[in-house]
Amino acid sequence: MTSGPLDEDLEKLAELASLYTQVKALIIYSEDIDRSSRSNIQVIKELRDAFDHVMRVISARMSGETPQDVEASEYCRNNLQKAVGHVYRAAFDALDGTVVSLRASIAEIVNAYPLPVLKEVVPEYWDMRSDLNRLCENISDHRARKDVGRQIGVTFDRYVEDVECIKRFHDKLLHYGPALDECLKRTNSERRANSIKDTLRLIGVAVAGGLLTLLVTYALSGAK
Amino acid sequence: MAIKIADKTRATVCNRLGVSALVDLMDRDFQDLTIDADVDRAQTDLYADRNRGSVRLNAGRFYTVREYAKHLRELQAIKLP
């Protein structure tokens, strides 16, 4: 194998490429499920900045020149680390978008059914709702993740796992659609039947009351 | 295919940005995007016909920073039963 100017950076570049492959999929998914099919400009900006750092490395290695007082290896290592950071931030922004899109879609589904129906068909709904609320609150803190530390991979994996969990819940709700419709139909017809029974009962009570009044009036008038 | 920026353009850019050569700009960061320094949607509309880049961006299918922040707030405000 011949040696090249980027030999020293290959390991880090491979790591970046592997991360990017996964993040790209998350970004495309996020764009795909966005309710108005829009891209988030912040994600595009992070990818632009990642590309910029990679180009700094390639340029430095090709020209053999780095900014003053910076050793080439250190310069390239730092820039590739920054590129990794930007790709992670693009992923976090995309995942934030995924969470809000899924939440909006879940809200649309669950708002179409009364609580007793949801409770009967999807017993785990309340646990999932609590997870969903927690994740949506976390989004507000996403600025705190701007500084990509050593634990970023772990944080990222946990976030992906959480989003997976919401996605499974969303899929489950879609899957339960026919059962929810069926349960709603049954509940409505039971309510209608109960309503007819109640009406008949009321009519019965009214008629009985009327007859009783009539009898009492008759009895009283007979007594006179 | 290699491109070569004309000497006059090179001089104008270097002069404006206060560097002696284009390579001196390699370590300069792009402008950040924040609510205060956001994408100007009117400008993207203006240049959409001339832009050879993303169709999605030209068609305005994107959230600016301000729009996205608003979008997040609205969606977070949706209460689940």
Salt-bridge test for A:Asp52 and B:Arg28: reply yes if a basic N is under 4.0 Å from a carboxylate O, no otherwise. no
Please name all residues satisfying side chain to side chain donor-acceptor pair (under 3.5 Å) with A:Asn79, sequence neighbours left out, ordered by chain then number. A:His53
Quick check on A:Ser63 against chain B: is it the side chain, the backbone, both or neither that has a heavy atom closer than 4.5 Å? neither
Tell me whether the count of non-hydrogen atoms from other residues, nucleotides or ligands lying under 6.0 Å of NZ in A:Lys12 goes above 12. yes
Residue list, side-chain contact (heavy atoms from CB on, under 4.5 Å) with A:Leu26, at least two apart or on another chain: A:Leu95, A:Phe156, A:Val160
Minimum heavy-atom separation for B:Met26 and A:Ser59, please, with both atom names. CE-CB, 3.7 Å
A:Gln42 side, atom CD; B:Asp32 side, atom CG - distance, nearest 0.5 Å: 7.0 Å
For A:Asp34 and B:Tyr63, run side chain to side chain donor-acceptor pair (under 3.5 Å): C-alpha distance rounded to whole Å, both residues' side-chain angles, the deciding distance at 0.1 Å, then the answer. CA-CA 11 Å; A:Asp34 183 82; B:Tyr63 296 101; 2.8 Å; yes
With a 4.5 angstrom heavy-atom cut-off, which part of A:Tyr113 approaches chain B: side chain, backbone, both or neither? neither
Nearest 0.5 angstrom please: B:Asp27 CG to A:Arg56 CZ, how far? 5.0 Å
Within the side chain of A:Arg38, is there an N or O that forms a donor-acceptor pair under 3.5 Å with the backbone of B:Gly60? no
How about B:Glu74 and A:Val100: do any of their side-chain heavy atoms sit closer than 4.5 Å? no
If the condition is salt bridge (Lys or Arg N to Asp or Glu O under 4.0 Å), which residues does A:Glu124 pass it with, not counting sequence neighbours? A:Lys172
Atom CG in B:Leu33, atom CG in A:Asp49: separation rounded to 0.5 Å? 8.5 Å
Between A:Ile41 and B:Val65, is any pair of side-chain heavy atoms under 4.5 Å apart? yes
Shortest non-hydrogen contact from B:Pro81 to A:Val110? CD-CG2, 3.5 Å
Measure B:Tyr68 against the heavy atoms of chain A and call it side chain, backbone, both or neither at under 4.5 Å. side chain
Checking B:Glu67 against chain A: side chain, backbone, both or neither under 4.5 Å from a heavy atom? side chain
Of all the residues in residues 4-25 of chain B, which have a heavy atom that comes within less than 4.5 Å of a heavy atom in chain A? none
Looking at A:Glu190, I'd like to know if its CD atom is crowded, meaning that more than 12 non-hydrogen atoms belonging to other residues, nucleotides or ligands lie closer than 6.0 Å. yes
